[in-house]
Amino acid sequence: MNTPDKPLAGEPHKVPRRILERGTYREYSRVENILTKESAGGIALMIATLISLILANAGFNDFYTSLAQTEVGFETPWLDLKLSLAHWAADGLLAVFFFLTGLELKQEFVTGDLNDPGKALVPMFAAAGGVAVPAVIYTLINLMGPAEARGGWAIPAATDIAFAVAVLTLIGSKLPAALRTFLLTLAVVDDLIAIIIIAVFYATDLHLVYLLIAVPFIALYWFIAHKGEALFKRSYGAAWYLLLPLGIIVWILFYNSGIHATIAGVVLAFMVPVRPRSIYGKQFSLAETFEHRFRPFSTGVAVPVFAFFSAGVAVGGLSGLVEAWSTTVALGIIVGLVFGKMIGITGTTFLVTRFKGANLDSDIKWIDMIGMSAVAGIGFTVSLLVAELSFDPESILHADAKVGVLTASVLAAVVAAIILVPRNRKYKAIAEREKEDLNEDSIPDVFADDTGAGTGSSRVPPYADGEPGTGAGEKFGSTDPRAD
């Protein structure tokens, strides 16, 4: 249980600091904007997954397999770009997903909660625990399995924020602001760790000359993104004409270097400025503009198409499903994602509070943390990608890993619902309090950036300003400036 705010022993005037606070309304509004879009993308992801499973298990498996293995592209003595549709989805379309992830990472570390060491400490340690414990559990279970199976240790390490938010939407949970912000920040750090794992442990046949050739193109991308900020904000097409060709070149070079091609998306995202540089649309950075424009394609097309080609595994009926569950690969993934995430995230957060002499926000109980940790066990997208990288597609372990990821994601969602649904009445009361704005300054009174100045305060949330460069934006709720 949380301890009340009272002086610590020996320090009569010191009040324990809180972790997982709701923070500022600006940050909360940014998080809400992202989570709303991820929720819609999560529904599309679920639909694509169900279609792929139906095709793979309802007499259409030959058609499904043939479609996934259809090759498109070309080969030259220097470049190999003749890939299957499934390969294009995993390496090509997911680069867009990782580009958006890179934008989130940079914004969080430069202007978001991760810029504050005090606020960053908990989600960073929690994410690390949520990666390490599942990996250890998987490895221990697979000590009894074939040696090849141990290569999948990173599969249960990831959290799929889109799928997780979609599940939260379906179970009707009105999470407090502090928990919603924690979920996104945790997922961002989790993605960073996954990116590092993919770049370091899944690089194959390295050809560093391609990376050296990519450097000037990356530098040119940085230069154009910084100098052309106003142009890219004004014109939707400018990014397609000027930056996309450079992005494609960098992606091709990364793909042929042996570094997983999706890492190119992260590197290019880091070249985009996250602070406004021009007077045009100065309320928003170019990173926010690109995030606003490209996220619908990522969540609505790129990730669902990848899921369609990756999630379709023929389980062979109930007997085949039970047989897959009994393998050390599937068992390690299921236990790692469901229970490992809960132990790793909640346990690490608890230890941080003890060592830092801190409490949770007064609206949050430890049962809420356990529920959120269960949600984080929905690995799906990145877990499926790591499964693709860990095992040969022709290996039975590849199919076992996919069964494990799908089963674990469903089971994690069920466990989260069992924990969080009974708390919905409490969450609704908190949500109502987080809307109160008695001083009418357009910022609810419970947030840290509430000015208390009354009507007319200039402190407006980030997604409420007018068209950039027009002088609009004084009235809360007007047109999003990042739109065209």
Side-chain angles (χ1 to χ4, degrees), residues 41 44-99 152 155 160 162-163 198 202 204-205 207 210 240 244-245 247-265 294 296-316 320 324 380-403 405-406:
L45 185 61
M46 290 181 181
I47 294 173
T49 301
L50 288 174
I51 293 174
S52 69
L53 289 172
I54 291 171
L55 290 177
N57 293 277
F60 301 98
N61 189 46
D62 290 343
F63 165 77
Y64 174 79
T65 302
S66 176
L67 179 65
Q69 295 177 352
T70 300
E71 292 189 338
V72 177
F74 61 90
E75 288 182 85
T76 73
W78 305 279
L79 298 174
D80 179 12
L81 292 177
K82 190 173 184 180
L83 311 175
S84 67
L85 290 178
H87 203 162
W88 277 113
D91 284 44
L93 287 178
L94 274 195
V96 180
F97 166 78
F98 277 91
F99 179 79
I155 296 174
D160 188 323
F163 218 135
I198 291 171
Y202 292 96
T204 57
D205 299 325
H207 300 285
Y210 287 104
W240 295 94
L244 180 61
I248 292 174
I249 292 172
V250 172
W251 180 89
I252 291 173
L253 292 170
F254 266 70
Y255 177 79
N256 283 273
S257 73
I259 299 290
H260 197 265
T262 54
I263 304 301
F294 303 145
F297 177 79
S298 174
T299 59
V301 178
V303 176
V305 170
F306 164 75
F308 172 80
F309 284 116
S310 182
V313 55
V315 298
F380 207 76
T381 302
V382 180
S383 291
L384 285 175
L385 175 61
V386 177
E388 298 272 1
L389 300 175
S390 299
F391 305 121
D392 187 286
E394 302 301 321
S395 170
I396 186 62
L397 300 183
H398 185 258
D400 293 339
K402 288 187 176 183
V403 170
V405 171
L406 294 172

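We count residues from 1, following the sequence as given. Please read all numbers here as calculations on a predicted model, not as lab measurements. We use all heavy atoms of the structure for the numbers below, so side chains are in, but hydrogens, waters and symmetry mates are not.
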Atom of [X], atom of [Y] and distance for their closest heavy-atom approach:
X	Y	result
F97	V382	CE2-CG2, 4.1 Å
L81	W88	O-CZ2, 3.3 Å
S52	G312	OG-N, 3.4 Å
A56	A314	O-CB, 3.5 Å
F306	T381	CE2-O, 3.5 Å

Between [Y] and [X], is there a side-chain heavy-atom distance shorter than 4.5 Å?
X	Y	value
I259	Y210	no
L55	L67	no
F391	I155	yes

Which label fits F294 and F99: parallel for a plane angle under 30°, tilted from 30 to 60°, or perpendicular past 60°? tilted
Parallel, tilted or perpendicular: rings of W251 and Y255 (30°, 60°): parallel
Run the numbers on F308 and Y64 for ring pair (Phe, Tyr, Trp, His ring centres under 6.0 Å), then give the verdict. CA-CA 10 Å; F308 172 80; Y64 174 79; 5.5 Å; yes
Please identify which of these residues, I249, I248, V250, meets the side-chain contact (heavy atoms from CB on, under 4.5 Å) condition with I252. I248
Please check if atom CD in E75 has more than 12 non-hydrogen atoms from other residues, nucleotides or ligands closer than 6.0 Å. yes
